[in-house]
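Reminder, nothing fancy here: chain letters follow the sequence lines and each chain counts from 1.
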Number of protein chains: 2
Amino acid sequence: MQSPLPQRLKSARKLAKLTQEQLSTKLGFDRSHGTARISQYETGKHAPDYAMAKNMADALGVPVAYLYCDDESLAKLLLAASKLSKQELDELVQKLS
Amino acid sequence: MQSPLPQRLKSARKLAKLTQEQLSTKLGFDRSHGTARISQYETGKHAPDYAMAKNMADALGVPVAYLYCDDESLAKLLLAASKLSKQELDELVQKLS
DNA sequence: AAAGTATATTAAGGAATCCTTAGAAAATGA
DNA sequence: TCATTTTCTAAGGATTCCTTAATATACTTT
């Protein structure tokens, strides 16, 4: 029952080609604690609250739900779907429902 | 920057036609505190950790990521996609990628 | 290979949040 | 209304997080 957030956060940050310090700066953190916190999130030592998760997801260009997705296929679906236009997305949803 | 979890949890529980006490029983909680905790989660007073969120999502038959989804269209997509077979889901992902 | 730099990780304690308890408030139905 | 079910809330002990300070790992250059 491990949280998928650590791994997903790390992979999303790598994909965005950011260091922990660059991400922490984007989030408006003081340099001194910023990287420590992000490291704690990525290693699973501590868990961010929702507001922080949302901020990080926005900074990394992934849907916040992606960080909590335990299913690999659904995770990929979220990433792909988030790149569709709102109209395309709604059409897809309609078709599946 | 409010968490979507309270609302999503409540609506998923309603959809499953369970009371807070029935859900708490399903989760193996002692009756005395079970409903208090679920109420605190649904009113946004407190936030569950990931393991608890996953347990609740499983008990309610929704993907755990759904509880954290702030986008309505993506939320609907997750619900619909979670009802597909693994093969259908993977084909859909392939098509979008 | 060593030194220097950048990047990432960790321990500890004060700060913040959660979980349990006990009870009260709403909602539902007879 | 009364009884019952269902949901909500305050308070404090228990737990977890955030900051600080320092160490560890990875990368570059010489």
| query | Which of residues 50-62 of chain B sit near DNA chain D, with a heavy atom under 4.0 Å from it? | reply | none

| said: What does the B/S/- profile of nucleotides 7-16 of chain D look like, 5' to 3', with a 4.0 Å heavy-atom cutoff to protein? | reply: BBBB------

| From A:Leu92 CG over to B:Leu92 CG, what is the distance, rounded to the nearest 0.5 angstrom? | 5.5 Å

| request: Run the numbers on B:Leu78 and B:Leu74 for side chain to side chain contact (heavy atoms under 4.5 Å, CB included), then give the verdict. | output: CA-CA 6 Å; B:Leu78 277 177; B:Leu74 284 182; 5.7 Å; no

| field | CG-CG distance between A:Leu27 and A:Leu23, expressed to the nearest 0.5 angstrom | value | 4.5 Å

| said: Suppose we screen for side chain to side chain donor-acceptor pair (under 3.5 Å). Which residues come up paired with A:Glu72, at least two apart in sequence or across chains? | reply: A:Arg8

| remark: The residue among A:Gln20, A:Gln7, A:Arg37 that forms side chain to side chain donor-acceptor pair (under 3.5 Å) with A:Glu42 is A:Gln20

| Atom pair distance, as rounded to whole Å: CG in B:Leu23 and P in D:dT6 | 13 Å

| field | From B:Gln87 atom CD to A:Ser73 atom OG, the distance as rounded to the nearest 0.5 Å | value | 11.5 Å

| Hey, what do you get for NZ (A:Lys14) to OG1 (A:Thr19), rounding to the nearest 0.5 Å? | 9.0 Å

| Closest non-hydrogen atom pair between B:Pro48 and B:Ala53, with its separation | CB-N, 4.3 Å

| request: Please list, in 5' to 3' order, the outermost nucleotides of DNA chain C lying under 4.0 Å from any heavy atom of chain B. | output: C:dC18 to C:dT21

| query | Mind checking what makes salt bridge (Lys or Arg N to Asp or Glu O under 4.0 Å) contact with A:Lys76, not counting sequence neighbours? | reply | none

| request: Assign B:Tyr41 to base, sugar-phosphate, or nothing according to its heavy-atom contacts below 4.0 angstrom with the strands shown. | output: sugar-phosphate

| Quick one: CD on A:Glu88 to CG on B:Leu96, what's the gap to the nearest 0.5 Å? | 9.5 Å

| request: Check whether any side-chain N or O of A:Ser39 sits under 3.5 Å from a backbone N or O of A:Thr35 as a donor-acceptor pair, and report yes or no. | output: no

| note | Nearest heavy-atom approach of B:Tyr41 to B:Ala47 is CE2-C, 3.9 Å

| Nearest heavy-atom neighbours spanning A:Tyr50 and A:Val64 | OH-CG1, 3.6 Å

| remark: Students should find that the end-to-end axis angle of the helix from C:dA1-D:dT30 to C:dA30-D:dT1, with five pairs defining each axis and rounding to 10 degrees, is 50°

